[in-house]
Enquirer: 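Here you go, one structure.
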Amino acid sequence: MAAWSQPRTVIVTGGASGIGLAIARRLAAEGAAIAVLDRDEVTATAAADSITAAGGQAIGLAADVTDRPAIDDAVAQVRDQLGPPTILVTSAGLDGFDRFLTITPAGWERILAVNLTGTFHCCQAAVPDMIEQRWGRIVTISSSSAQTGNPLMTHYSAAKAGVVGFTKALALELGPQGITVNTVPPGFVDTPMLRRSEARGFLGTGVGQHEATTPVRRVGQPEDIAAACAFLVRDDASYITGQVIAMNGGRTT
Ligand code: NAP
């Protein structure tokens with residue numbers, strides 16, 4: 001059964017790398033037109049080109065999710081080039097490791113700006129098209145850090161916990177208009193972000209150490225998250241909203 005009864009346009013923020021890229025590729029394979037939005041034009045375009053080369057439809061757009069005018073402009077470009085975006089996945093994210101007492105106010109603000117306020121900007125820019133179409137799907141990418149906390153990540157954990165609360169509240173507000181809003185908090189997924197943490201020594205002896213204590217005994221793959229996301233944005237997921245769908249190999253239940 002097709003995912004949608006009519007053509008759909010998707011915006012994936014952070015779509016040039018890791019989890020966002022896997023989601024963009026998966027939804028393109030399901031037949032949606034994809035706008036890959038990322039802060040670097042070269043990587044956003046390369047991601048879109050890889051989708052096109054695989055037979056999908058995609059454009060790449062450069063915008064920083066903390067820059068509201070740039071986000072508004074990107075959404076307008078998507079509407080013009082691909083049609084009204086009625087699916088939004090917010091995967092753009094920035095991690096950070098610092099002791100609580102040495103986090104600077106500017107460092108705190110930056111982590112909140114990208115992860116939480118960036119999610120707000122993208123949702124507020126995209127929702128009017130969904131309201132007009134009386135159909136929409138939003139999936140925010142939060143983090144298992146919001147569920148458990150994480151050492152040296154008070155700022156990141158707070159920002160991602162904010163995304164969870166934001167998602168639940170937005171689901172209540174938009175439900176009557178045919179728009180669902182859910183969050184996927186990933187945990188321990190093999191992406192450039194995770195490997196950067198490993199290289200900087202924040203994963204103990206490395207990914208292997210954590211695989212040994214993960215119930216499914218492996219690191220997650222971006223495609224695992226993409227599979228959950230593809231399910232949540234289908235037509236027939238219309239009764240699922242305001243939910244936290246954790247994807248972490250059983251590390252957090
Ligand atoms: P990733 O490979 O680093 O991908 C994140 C993408 O977002 C990158 O292309 C990055 O660009 C982009 N980005 C960062 N700041 C941006 C901004 N201000 N505006 C627009 N784009 C921006 O990381 P990932 O692991 O796939 O992470 C995807 C999401 O999952 C993030 O929200 C992350 O917090 C969350 N997450 C990941 C894990 C995990 O285990 N991997 C666990 C929990 C949560 P640059 O590369 O140029 O910075």
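Both ligands and their constituent atoms are indexed starting at 1 by order of listing.
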Enquirer: At what distance is the nearest protein heavy atom to atom 14 (C) of ligand 1, and which residue and atom is it?
Expert: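 Checking every protein heavy atom, the shortest distance to atom 14 (C) of ligand 1 gives Gly93 O, 3.4 Å.
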Enquirer: Please tabulate, for side-chain N and O atoms in residues 166-174, each donor-acceptor pair with protein atoms closer than 3.5 Å (sequence neighbours left out).
Expert:
from, atom 1, to, atom 2, distance (Å)
Thr167, OG1, Thr140, OG1, 2.8
Thr167, OG1, Val163, O, 2.6

Enquirer: Given Arg39, Arg196, His121, His210, which one has a non-hydrogen atom that is nearest to atom 45 (P) of ligand 1?
Expert: Arg39
Enquirer: What protein heavy atom is closest to atom 18 (N) of ligand 1, reported as residue, atom name and distance in Å?
Expert: Asp64 OD1, 2.9 Å
Enquirer: What part of Asp40 sits under 4.0 Å from ligand 1 if we count only heavy atoms: the side chain, the backbone, both or neither?
Expert: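 None of Asp40 does.
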Enquirer: Is it the side chain, the backbone, both or neither of Tyr156 that has a heavy atom closer than 4.0 Å to ligand 1?
Expert: side chain
Enquirer: Hydrophobic side-chain clustering at under 4.5 Å (ILVMFWY, transitive links): who's grouped with Ile141? Put none if nobody.
Expert: Trp4, Val10, Val12, Ile19, Ile23, Leu27, Ile34, Val36, Ile51, Ile87, Val89, Trp135, Val139, Val184, Val189, Ile225, Phe231, Leu232, Val233, Ile240, Ile245, Met247
Enquirer: Which of these, Lys160, Arg110, Arg195, has its nearest heavy atom closest to atom 32 (O) of ligand 1?
Expert: Lys160
Enquirer: What is the nearest protein non-hydrogen atom to atom 22 (C) of ligand 1, stated with its residue, atom name and distance?
Expert: Ala92 CB, 3.7 Å
Enquirer: Any protein heavy atom lying closer than 4.0 Å to atom 24 (P) of ligand 1?
Expert: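 Yes; the ligand atom in question has protein heavy-atom contact below 4.0 Å.
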Enquirer: Judged by atom type as modelled, is there a donor-acceptor pair below 3.5 Å linking the side chain of Thr214 to the main-chain atoms of Val216?
Expert: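 Checking the backbone N and O of Val216 against the side chain of Thr214, no donor-acceptor pair under 3.5 Å is found.
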Enquirer: Select the closest option to atom 40 (O) of ligand 1 among Ile19, Val189, Thr191, judged by heavy-atom distance.
Expert: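 The nearest heavy atom belongs to Val189.
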Enquirer: Can you find a non-hydrogen atom of Leu94 under 4.0 Å from ligand 1?
Expert: no
Enquirer: Nearest protein heavy atom to atom 31 (C) of ligand 1, by residue and atom, and its distance?
Expert: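 Answer, as residue, atom name and distance: Ser91 O, 3.2 Å.
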Enquirer: Does some non-hydrogen atom of Val114 fall short of 4.0 Å from ligand 1?
Expert: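 Distance cut 4.0 Å: Val114 passes for ligand 1.
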Enquirer: Should the proximity of Ser145 to ligand 1, defined as any heavy atom under 4.0 Å, be assigned to the side chain, the backbone, both, or neither?
Expert: neither
Enquirer: What's the shortest distance from atom 9 (O) of ligand 1 to any protein heavy atom, and which residue and atom give it?
Expert: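 Its nearest protein heavy-atom neighbour is Asp38 OD2, 2.8 Å.
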Enquirer: Please work out which of Gly14, Ala63, Cys122, Ala44 has its closest non-hydrogen atom nearest to atom 20 (C) of ligand 1.
Expert: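 When every heavy atom of Gly14, Ala63, Cys122, Ala44 is considered, Ala63 comes closest to atom 20 (C) of ligand 1.
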Enquirer: Quick check: does Pro186 get an N/O under 3.5 Å from an N/O on ligand 1?
Expert: no
Enquirer: Among all protein heavy atoms in this structure, tell me which lies nearest to atom 27 (O) of ligand 1, with the distance rounded to 0.1 Å.
Expert: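 I find the closest protein heavy atom is Met193 CE, 3.9 Å.
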